[in-house]
Asks: 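This is the structure I have questions about; it appears just below.
Below, read A as the first sequence line, B as the second, and so on, with proteins coming before strands; counting in each chain starts at 1.
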Amino acid sequence: MLSIKNLHASVEEKNILKGLDLEIKPGEVHAIMGPNGAGKSTLGYVLTGREGYSVEQGSATLDGVDLLALEAEERARAGLFLAFQYPVEIPGVSNLEFLKASVDAVREARGEESLSSKDFLKMAREASKKVNLPADFLKRGVNEGFSGGEKKRNEILQMLLLKPKLCILDESDSGLDIDALQVVAEGVNSQRSPDRSFIVVTHYQRLLDYIKPDFVHVLSDGKIVKSGDYSLAHELESQGYAWLKDQPAADEVAEG
Amino acid sequence: MTEQIEKALQREYEAGFVSDIESDTFEPGLNEDIIRRISAMKEEPEWMLEWRLKAFRYWLDMEEPEWAHVHYPKIDFQSISYYSAPKSMKDKPQSLDEVDPELLKTYEKLGIPLHEQMMLAGVAVDAVFDSVSVVTTFRDKLEEAGVIFCPISEAVHKYPDLVKKYLGSVVPQRDNYYAALNCAVFTDGSFVYIPKGTKCPMELSTYFRINEQNTGQFERTLIIADEGSHVSYLEGCTAPQRDENQLHAAVVELIAMDDAEIKYSTVQNWYPGDEEGRGGIYNFVTKRGICHTSAKISWTQVETGSAVTWKYPSCILKGDNSIGEFYSVALTRGAQQADTGTKMIHLGKNTKSTIISKGISAGRSNNSYRGLVRMNSSAVGARNFTQCDSLLIGDQCGAHTFPYVESRNPTAIVEHEATTSKVSDDQMFLCQQRGLDPEKAVSMIVNGFCKEVFKELPMEFAVEAGKLLEISLEGSVG
Amino acid sequence: MSSWLSSAVTRAEAVSDWLAPQRQASLALLRDAKWPTRKTEAWKYLPINVWDNTELQADAAESTDATSGVIEGLNSLDLVFVNGQLQSVPGDDLPAGLTVVSLADASGDARAWAAETFTAVKPARHLFGLVNDVLATQGVLIDVAAAAVIEQPIRIVNVLTKGYEAHTRVLVRLGEHAKATVIEHYVGDQRSKNTGFAEYKVGDSAYLEHYRFALQSGESLSIGGSHFELSARAELSSHLVGFGSTLQRVDVDVTHAGEHAFAKLNAIYLLDGKELFDLHSTIEHAVPNGTTEENVRGIVADNSRAVFNGRIHIHRGAQKTLAELNNRNLLMSDRAEINTKPELEIYADDVRCAHGATIAEIDKKALYYMQSRGVSRSQAQIMLNFGFINELVDQMPNQVLADWLRPQLRDRFAGMEVK
């Protein structure tokens, strides 16, 4: 489904990704772990087309479609979804209005009929129930005044509505208490299916106890330096990343 | 409580003494002949005289600016003397030993020892007394590094090419009324040139002193920092206590070439006039710098003196990635009026400017911040941040903010914030409850309010600035 | 002096209605007035010569249906001026406590209070305010009796069509504890000139909800102002929406004349094409204990130019004043221009005053966030711009007006492009 080959990318003229390879097949869940500054968040931004991140070399395709040639919204419509580590607040734009525009755009791209306002509202309400957000959050400005946990749940809510092919969860577990963590994990698990894949970017093994990944990769200094199965996560948890020390870490700035 | 604070702010003007020095002073009056005589006194080349006369002709057609938030009677430019020099300066002293001891005493009284052995290590001083530069210290050491630091009157003779090229290049003769006047009648001031890649080995400093009655002081400072060089320059000013107002109309031009950095600090303590507003200096000054690529100019000022201040140290951020900064503390009390601020003109890409202004008003004074931030259409990615805070002490003063913000580039970001506060009874009570007397409490609160600016001053000046504020609060409580 | 101004003075000298004595002081000021130049601070950024240089040619064919502007669901009491002529005055079926008369037809008590209010609230410093003082023979006088609560919004519509010059005046008086909603609504996109000034005296503990929709566009030239005097404990909630045109200038002045008054002022301006819009506001805190909250937001696109001058003046002795002004702008193109000047003039120490002004481009992070959810860049821009403005629209107490306004704002954003 996702095929990344020799990806080199930089931000503000600093090389962050330095030849990353990753193959993900339909239905697989891949965890990416690694120390701060390794380029974990950068990978998500580069794949989704954030401004300021430039690709120097390599390729990334989703079901054969060259992602790197597309605008950010076209990548989203092609089925790519990034759950942000720090979702931005957009005062004045209501959550509902934003979600409707987003769902309309993605459905249109998939050749599906647009939903009536009534059907959409029903769907949105159901989804917000699933992630444990009160329905009145839909009327508030996008992420405006949301707590950290509410923002993360709002991200999962969007994932439920957009039904992407490939979801990247960027440290969706950071700053969450155990209840919120379970909500996020349940949201993800409920969406696991043979034709949907996940990349779970995380610092800790905690989230992986709830979302059991098929593969675990260690990203360090812009490259995947080790891959394994679920047990690798445990190994990292007990040993830390100290053994990576002799590999120079990329600048912290890149993680922002 | 307010009364206590008020009292805490009353102070003596310590620099108010008059030096008994015989001077050669022109009779009052302003005309082409006077300008010719100034030029002749300085034995200037013809081109310099022509330049002055041209400025004078512009000036005759210009109008005195009235937009500032200050009020003062119309200045009679014919009643001012435009040249005054200590007699002893006639045969220029070759070394400090030849300088009139009375003159040296004046500077010592002001806390500016000119004797090199007495001097704070690492500060070279140019002392300007009325219309002439008295002495410039540490010249040999500076010359070793290739740094030129001399009176501008001397630079006109010794470095005519540099002077011709840069004089008036940042503040043109026609720039404004007082600048034009300065161009016509300037008498002395400092000239600095820092060669390519040189970090000036010591702080440079000029002290300006007005002594003679009914004279104006019109100094001119020109600082050129060549590519990749660094310099920190300090300026201080005082004047005797007199009942009449005296005019000070200076021009300062800074040129920061590619990658150069100029830090210009001022502690302005001209005589502010008495409580009733009698006497004091009219401080009408034009200061401006130009930044070429990746250059930086930083203005820091502590303004406590003058009856009326009209002053806007500015930066033209011409080169890409250049930086302009303005840090200001302005304290007005009694009947003082200050209208001061800055202009940041962003022309280059990714230029950045920061403005931090702290105004403290007490007594019946009026203290205004006036600033301009302009983002030209070429200023892609430029940024400005401005913070203007006013502290009011007592209910008879005024604190005002007049920021002009102009933007023509969609990628430029401008942020301006202004707040006002007072020294609150709660703050005073807390300090007193912890054993501080009101005087100390006010001084502490005021110092805290100014902290962001003081930390930008070179160390020697930071101490002086803190002291200045403290003096303001001295002899106070009852 | 401009030729237009001298002709205005000549025309004014011929005005001989019942208000003529009250017009004399303004006429005297106008005779001595200087035509603004770029050096005139109050007109620094607005090329006012356009007013002088624009020739008007009336075109009878361009008539307007005066009823076309009804706002669905608002059920407002509409007073319509077409090219400066008041079309009709409502009959006797007005809500209790409300009196509305045409300035031209005023008599008795209406004349008395109107003569007292005329030029008493509006500051004399405004050149075109003076013009309006001497030339506005058409106008309405709205009087709300003490304790009267008028639920029905009163809407004053000014329709301008090609070639006309019009000067209209509105005087409003709210008695103690009275409540009312007044909407000043300006429309027209043809080449025309108008001045429209309104003076509001808001009595003790009265509540005024005010809207000024300065929606003239195209080639129209419009200069006007809404001026308020607040008595003790009075409350003002004022909402301004401005579109640009060849020349638009609006002044909003509020004087806190009684203690404990509260003023909320919101303003929005949206400019496109080669439009100009200049908003000046002055808040005079003349007495202690007043509160002002002012929020001004603008979006400036293409080749347009916006000017905002927001002055807060705390008079000597006006202790315990709370005054805040916030001005935020989005600049959408490198040919557009914003000039903003928030001013504080403070003569009292025990006050809390702050102002802030920002100019920025559209929030790139939000843009990317929306794009990453599949929303196109252009749609995301429209939504973000709308959201930026909508925060102030949401604060309008009258939902019908907010709902009526939103699609118009959206239409305007749809035409704007980030460059």
Asks: List for me each residue that meets side-chain hydrogen bond (donor to acceptor under 3.5 Å, both in side chains) alongside C/Glu324, sequence neighbours excluded, and say none if there are none.
Replies: none

Asks: Name the option with the most non-hydrogen atom pairs under 4.5 Å to chain B; the candidates are C/Gly317, C/Ala354, C/Ala357, C/Ala348.
Replies: C/Ala357

Asks: Using modelled atom types and a 3.5 Å cut-off, is there a donor and acceptor pairing between side-chain atoms of B/Thr420 and backbone atoms of C/Cys353?
Replies: yes

Asks: Under the side-chain contact (heavy atoms from CB on, under 4.5 Å) criterion, do C/Arg316 and B/Asp395 qualify, and how do the steps go?
Replies: CA-CA 7 Å; C/Arg316 179 93 57 232; B/Asp395 55 5; 5.7 Å; no

Asks: Which region of C/Phe308, side chain (C-beta onward) or backbone (N, CA, C, O), has a non-hydrogen atom less than 4.5 Å from a non-hydrogen atom of chain B, or is it both or neither?
Replies: neither

Asks: Counting C-beta onward and ignoring hydrogens, is there a side-chain heavy-atom pair between B/Ile413 and C/Ile359 closer than 4.5 Å?
Replies: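 The answer is no; the side chains never approach within 4.5 Å.
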
Asks: If I compare all heavy atoms of C/Asp334 with all of B/Ser377, which pair ends up nearest, and what's the gap?
Replies: O-CB, 3.7 Å

Asks: Is there a side-chain contact between C/Glu345 and B/Phe402, using heavy atoms and a 4.5 Å cut-off?
Replies: yes

Asks: Give, for atom OG1 of C/Thr358 and atom NE2 of B/His416, the distance between the pair rounded to the nearest 0.5 Å.
Replies: 11.0 Å

Asks: Measure the SG-CG distance between B/Cys388 and C/Leu344 for me, rounded to the nearest 0.5 Å.
Replies: 9.0 Å

Asks: Atom CG of B/Asn367 and atom CD1 of C/Ile346: how far apart are they, to the nearest 0.5 Å?
Replies: 11.5 Å

Asks: Drop me the distance from C/Arg311's CZ to B/His400's NE2, to the nearest 0.5 angstrom.
Replies: 10.0 Å

Asks: Can you tell which part of C/Val351 gets under 4.5 Å to a heavy atom of chain B, answering side chain, backbone, both or neither?
Replies: both

Asks: Among side-chain atoms of C/Tyr347 and B/Gln396, is any donor-acceptor pair under 3.5 angstrom?
Replies: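 Per modelled atom types, C/Tyr347 and B/Gln396 side chains form no pair under 3.5 Å.
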
Asks: Calculate, to the nearest 0.5 Å, the distance between atoms CZ and CD belonging to B/Arg374 and C/Glu337 respectively.
Replies: 8.5 Å

Asks: C/Phe277: which residues meet the ring pair (Phe, Tyr, Trp, His ring centres under 6.0 Å) condition with it, sequence neighbours left out?
Replies: C/Tyr269

Asks: Looking at C/Arg125, I want to see if its CZ is surrounded by more than 12 non-hydrogen atoms of other residues, nucleotides or ligands under 6.0 Å.
Replies: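 Yes.
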
Asks: Determine yes or no for a side-chain-to-main-chain donor-acceptor pair under 3.5 angstrom, with C/Arg335 supplying the side chain and B/Arg408 the backbone.
Replies: no

Asks: For chain C, which of B/Ser421, B/Ala418, B/Gly398 has the most heavy-atom pairs under 4.5 Å?
Replies: B/Ala418

Asks: Does any non-hydrogen side-chain atom of B/Pro403 lie less than 4.5 Å from one of C/His355?
Replies: yes

Asks: Got a second to check how far B/Glu406's CD is from C/Ile338's CD1, nearest 0.5 Å?
Replies: 11.5 Å

Asks: Between B/Asn384 and chain C, which part of the residue has a heavy atom less than 4.5 Å away: side chain, backbone, both or neither?
Replies: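 The answer is neither part of B/Asn384.
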
Asks: Check each atom of C/Lys39 against the heavy atoms of chain B and say whether the ones under 4.5 Å are side chain, backbone, both or neither.
Replies: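 Neither part, no heavy atoms under 4.5 Å.
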
